[in-house]
Structures are given as C-alpha cells and as structure tokens.
Amino acid sequence: MEPIVCHKGTVRVPVSILTLVLAFGLTGWAQQSPDWRKIGGQAVQLALASPATGSVDRVWYSADGAVLYARTTSGKTFQTSDFDTWLPSGDVAPPEPLQPAGVVRSPESGAVRFLADAANPYRTYALGRQLSRSDDGGRSWSNLTSFHGTSIIGPGPRDLAVSRANSDQLVVANGLGVWRSMDGGLTWAGLNRRLPNLPVRRILSTQNGTSGTRAFVEGVGAVELPPGGTVWLEVPSVTLQAEALQMQEYRNALRVEVSAFGQSADGSAVYVGTADGQLWVSQDGGRSFRKTALPADVSGRVERIVVDSGTRKDVALAVLSGGTRSHVLRTTNGGEFWDILDPDPNFLPPAYSVAADWAAGAVYVATERGVFYSRTDLENAVTNPVSWQSLTDNLQ
C-alpha cells in the first residue's frame with residue numbers, strides 16, 4: 001500500500017517497480033533467446049509526495065467507479081481495480097470531461113482547464129500550475145497541491161478524475177504520473193509503483209562498486225539505482241551536462257535545432273543530427289561543418305549517432321525516428337553517403353538509440369517496442385539486405 005503524505009509536508013518513501021536492462025554484452029550474441037533479468041523499478045524519487053514515473057495525459061473512472069484508467073503520453077492505456085497493480089487495457093475511450101456552467105474568476109493566471117464535479121453541481125476544479133477547487137462557482141478557491149509555492153505531486157496537472165462513489169476520491173494525471181487523494185485533496189499519494197511508464201532513454205553506466213546503474217529518463221534527467229535498491233534517485237550527471245553544453249555550441253554554430261551528436265575517439269570527426277532530420281559532418285573537431293545528403297524518402301528526428309570506437313572515424317551509425325517508423329543509417333566514408341540498414345521502412349518501430357559492436361558487426365536499436373538486433377558489415381558499404389529481429393519478444 002502506498003504511504004499517504006499530507007500536502008503540508010513531503011517525505012521520501014521507497015517503493016519498487018520493474019525496469020529492464022540487457023543482461024549480456026554486445027559480443028555475447030547467440031542463436032538462443034537472450035538472457036534477461038529485472039532490476040530496479042519503474043519509479044524515481046523526486047522529493048514529491050511519492051515516487052514518480054513517466055508522463056500521463058488522461059485519467060478516468062469506469063461508470064461504476066470500480067476501475068481507474070490511465071492513458072500515458074505514449075498512447076498506451078492501463079487499468080487498475082486495486083489501485084496498486086496496473087494491467088494493459090483494451091481500446092477504452094475516455095469520457096468527455098464535464099464542464100462547469102461558468103466560473104466567476106480563475107484561481108491563478110494560466111489555469112487552462114476547468115472541470116465540474118458530477119456529484120456536486122457547486123464544485124469546480126481548476127487545472128493550472130496547481131490543482132484548485134471551488135465550492136461556490138469560482139468565487140473563492142482552495143489550492144489542493146501547493147506547499148510553499150511548489151506542487152507536491154509535480155507541476156501542471158493535465159487531467160482529473162473524481163470517483164462517482166465518493167467525490168472526495170480525486171485522481172490527477174500529470175507529467176510525472178498518477179496521483180490520488182482520498183480526502184478531497186488534503187493528502188496525496190502516487191499510484192506509480194507498478195505503472196510501467198518510466199521513459200528510460202539511455203543507460204549511462206552500469207553498476208561499478210558502490211556506484212549504481214545510471215540512466216537518462218526523459219523529463220527527469222540522470223537517475224541512479226543504488227546497489228540493492230529498487231527506486232531510482234535523481235543525480236547530477238557530468239556526462240549529460242557536458243553533452244548539453246556541446247549541443248548548445250553546435251546549435252550556435254549551425255543555427256539549427258541539434259538533437260544528437262557523436263564524435264570519434266580522437267575528437268576530430270564530429271557528426272551532428274537535427275530535429276528536422278539532417279546530418280552534418282565535421283573533420284576538424286567541430287570548427288567547420290558540411291551538410292550531408294541522405295537517401296530519398298528518409299525523414300524524421302535524428303535520435304542518436306554513434307561513431308566507430310576505434311580508429312575508423314569515417315564509420316558511423318545514425319537512427320532517425322518519425323511517426324510510426326524509424327530508419328537506421330550507416331556511413332563508411334565520413335558522411336559522403338549513407339546506406340539504409342532497414343530496407344522495410346515500416347519494420348522498425350519508433351527508436352530512441354542505437355549501439356554497435358564494431359568488430360562483430362552487431363547493431364542494436366532501442367525502440368518503443370523493445371530492442372532489435374542485426375548483423376552487418378560495419379566497415380564497408382554493402383547492399384546485402386539487413387534482417388532485424390526482436391530480442392525482447394519474450395519479455396513480460
């Protein structure tokens with residue numbers, strides 16, 4: 001059971017949810033199914049009322065109030081009847097929000113939505129930076145989530161569900177998960193412990209001695225799983241800070257929205273990708289760049305670029321993602337031209353990252369539907385078709 005935290009104060013309480021890490025090295029490919037193990041959880045501690053998870057856009061109750069639904073920003077819908085365990089839901093459409101007849105005034109500038117309570121025609125909720133409630137048609141308001149000016153459930157509530165069985169049972173969706181109050185907003189607890197929605201985009205480092213596994217979580221930043229722990233903790237990352245400064249430098253130099261970059265081991269070759277699907281190459285450490293030509297019909301945001309970790313600085317991989325598909329590109333001549341490693345553009349789902357074992361010719365792509373693997377010649381441009389297979393089909 002989640003602890004309940006009064007919104008007059010905040011405590012840190014560990015809970016556990018599962019996330020996944022590939023448990024074999026890049027050179028450890030075999031024909032049998034890969035061996036996986038689960039580590040840590042799907043929650044990260046951010047000094048809020050409870051641990052948080054990923055972004056949720058909608059929450060709503062079933063007609064009888066027995067089931068709560070949550071739709072994540074990625075479009076997946078989950079349901080819970082015990083307010084602990086979440087299961088994938090079918091194609092359940094959320095109801096139209098109930099709008100109040102009118103509001104005399106807003107509780108704060110920037111309150112973007114007003115919702116009515118079906119059980120109480122005089123009660124109105126306002127969703128802005130905080131969640132507020134009025135019981136007199138908007139003449140006066142009570143802030144339900146603020147403590148010293150900061151929201152204890154995270155900023156910017158996106159949706160609100162009020163139980164038909166008890167109007168004091170409130171559930172809020174925001175950029176950090178799902179939050180519930182059983183007493184009309186006096187106290188709050190997260191429902192994120194088993195909601196599989198933590199958007200891990202990169203593994204920054206694995207456990208080493210007293211240092212835990214570190215990852216990059218979208219919307220949060222760098223997090224670390226302490227050895228033996230179950231909850232991720234927010235931590236500063238020198239690597240991410242250095243990357244952010246470097247990205248800003250390339251943005252200023254190219255005057256484009258840089259989304260990814262990679263560089264050779266000696267730093268002389270730099271590959272830069274943009275949000276609108278362009279690739280730029282520098283052979284002088286980033287002092288000057290040239291725009292490279294991409295294959296026809298290739299488009300999407302450049303998500304990740306990796307360069308040969310050895311001396312072949314003219315060999316690199318890039319993954320572009322857009323809509324419902326992604327492309328993996330390879331260059332073996334410093335960006336003079338790029339091959340497409342996915343002959344069927346609809347096969348690979350939207351991807352976030354790419355990694356390679358250059359000596360073995362193994363390529364791994366992290367997508368929203370798991371990890372995909374292929375082998376190809378990473379030293380020479382070839383036209384042989386590349387076959388991709390999922391390494392994570394057997395994961396539950």
Side-chain angles (χ1 to χ4, degrees), residues 2-11 46-50 52-53 55-73 80 83 92-192 219:
E2 285 273 6
I4 295 179
V5 181
C6 176
H7 78 279
K8 300 301 182 183
T10 302
V11 297
L46 298 176
L48 300 174
S50 298
T53 187
S55 180
V56 177
D57 288 336
R58 291 296 310 273
V59 286
W60 67 97
Y61 281 97
S62 60
D64 59 3
V67 179
L68 177 68
Y69 298 91
R71 189 178 66 195
T72 68
T73 300
T80 179
F83 299 93
V92 180
E96 289 296 323
L98 187 61
Q99 303 296 327
V103 175
V104 175
R105 68 178 185 87
S106 173
E108 59 174 292
S109 60
V112 294
R113 294 184 66 195
F114 295 91
L115 301 177
D117 187 338
N120 187 340
Y122 300 101
R123 179 168 292 179
T124 302
Y125 295 93
L127 283 65
R129 292 184 298 275
Q130 307 280 354
L131 174 67
S132 301
R133 185 187 68 209
S134 173
D135 290 320
D136 55 12
R139 292 177 177 82
S140 61
W141 293 90
S142 299
N143 194 314
L144 303 183
T145 54
S146 177
F147 179 67
H148 290 176
T150 301
S151 174
I152 65 164
I153 64 173
R158 298 175 179 177
D159 198 18
L160 171 73
V162 181
S163 172
R164 291 181 176 270
N166 183 346
S167 61
D168 280 337
Q169 293 186 24
L170 311 177
V171 177
V172 172
N174 65 11
L176 295 173
V178 180
W179 310 84
R180 181 173 65 153
S181 174
M182 299 291 289
D183 50 20
L186 295 178
T187 59
W188 293 90
L191 300 181
N192 304 310

Which residues share a side chain to side chain contact (heavy atoms under 4.5 Å, CB included) with Val104, sequence neighbours left out: Arg139
- prompt: What pairs with Ser106 under side-chain hydrogen bond (donor to acceptor under 3.5 Å, both in side chains), at least two apart in sequence or on another chain?
  reply: none
statement: dist Leu131:CG -> Trp179:CH2 (nearest 0.5 Å) comes out at 13.5 Å
- request: Return yes if some donor-acceptor pair links the side-chain N/O of Trp188 with the main-chain N/O of Leu48 below 3.5 Å, else return no.
  value: no
Closest approach of Ser181 to Gly185 (non-hydrogen atoms, all atoms of both residues): OG-N, 2.8 Å
message: Return the CG to OG distance between Leu68 and Ser163, rounded to the nearest 0.5 Å.
response: 9.5 Å
field: Contacts of Ser140 that satisfy side-chain hydrogen bond (donor to acceptor under 3.5 Å, both in side chains) - sequence neighbours left out
entry: Asp136
Side-chain donor-acceptor pairs under 3.5 Å in residues 152-162, sequence neighbours left out?
residue: Arg158; atom: NH1; partner: Ser55; partner atom: OG; Å: 2.3
residue: Arg158; atom: NH1; partner: Asp57; partner atom: OD1; Å: 2.9
residue: Arg158; atom: NH1; partner: Thr73; partner atom: OG1; Å: 3.4
residue: Arg158; atom: NH2; partner: Ser55; partner atom: OG; Å: 3.4
residue: Asp159; atom: OD1; partner: Arg113; partner atom: NH1; Å: 3.4
residue: Asp159; atom: OD2; partner: Arg58; partner atom: NE; Å: 2.5
residue: Asp159; atom: OD2; partner: Val59; partner atom: N; Å: 3.0

task: Mind listing the closest non-hydrogen atom pair of Val56 and Ala70 along with its distance?
output: CG1-CB, 4.2 Å
field: Ser142 OG to Leu186 CG distance, which is reported to the nearest 0.5 Å
entry: 9.5 Å
- request: With the side chain counted from C-beta on, respond yes when Leu115 and Leu98 share a heavy-atom pair under 4.5 Å apart, and no when they do not.
  value: no
Aromatic plane relationship, Tyr69 with Trp60 - under 30° parallel, 30 to 60° tilted, over 60° perpendicular: parallel
field: Nearest heavy-atom neighbours spanning Ala66 and Ser62
entry: N-OG, 3.3 Å
message: Gln130: which residues meet the side-chain hydrogen bond (donor to acceptor under 3.5 Å, both in side chains) condition with it, sequence neighbours left out?
response: Thr145
- request: Might you point out which heavy atoms bring Ser50 and Ala189 nearest each other, and give the distance in Å?
  value: OG-CA, 3.6 Å
- prompt: Who passes ring pair (Phe, Tyr, Trp, His ring centres under 6.0 Å) against Tyr61, sequence neighbours left out?
  reply: none
- prompt: Restricting to pairs with a member in residues 116-126, which pass side chain to side chain donor-acceptor pair (under 3.5 Å), not counting sequence neighbours?
  reply: Arg123-Asp135
message: Taking Gly184's backbone N and O only, do any of them form a donor-acceptor pair with Arg133's side chain (distance below 3.5 Å, no angle check)?
response: yes
query: What do the steps show when you test Trp141 against Glu108 for side-chain contact (heavy atoms from CB on, under 4.5 Å), and what is the final call?
result: CA-CA 10 Å; Trp141 293 90; Glu108 59 174 292; over 6 Å; no
message: I need the minimum non-hydrogen distance between Leu46 and Ala52, along with the two atoms involved.
response: CD1-CB, 4.0 Å
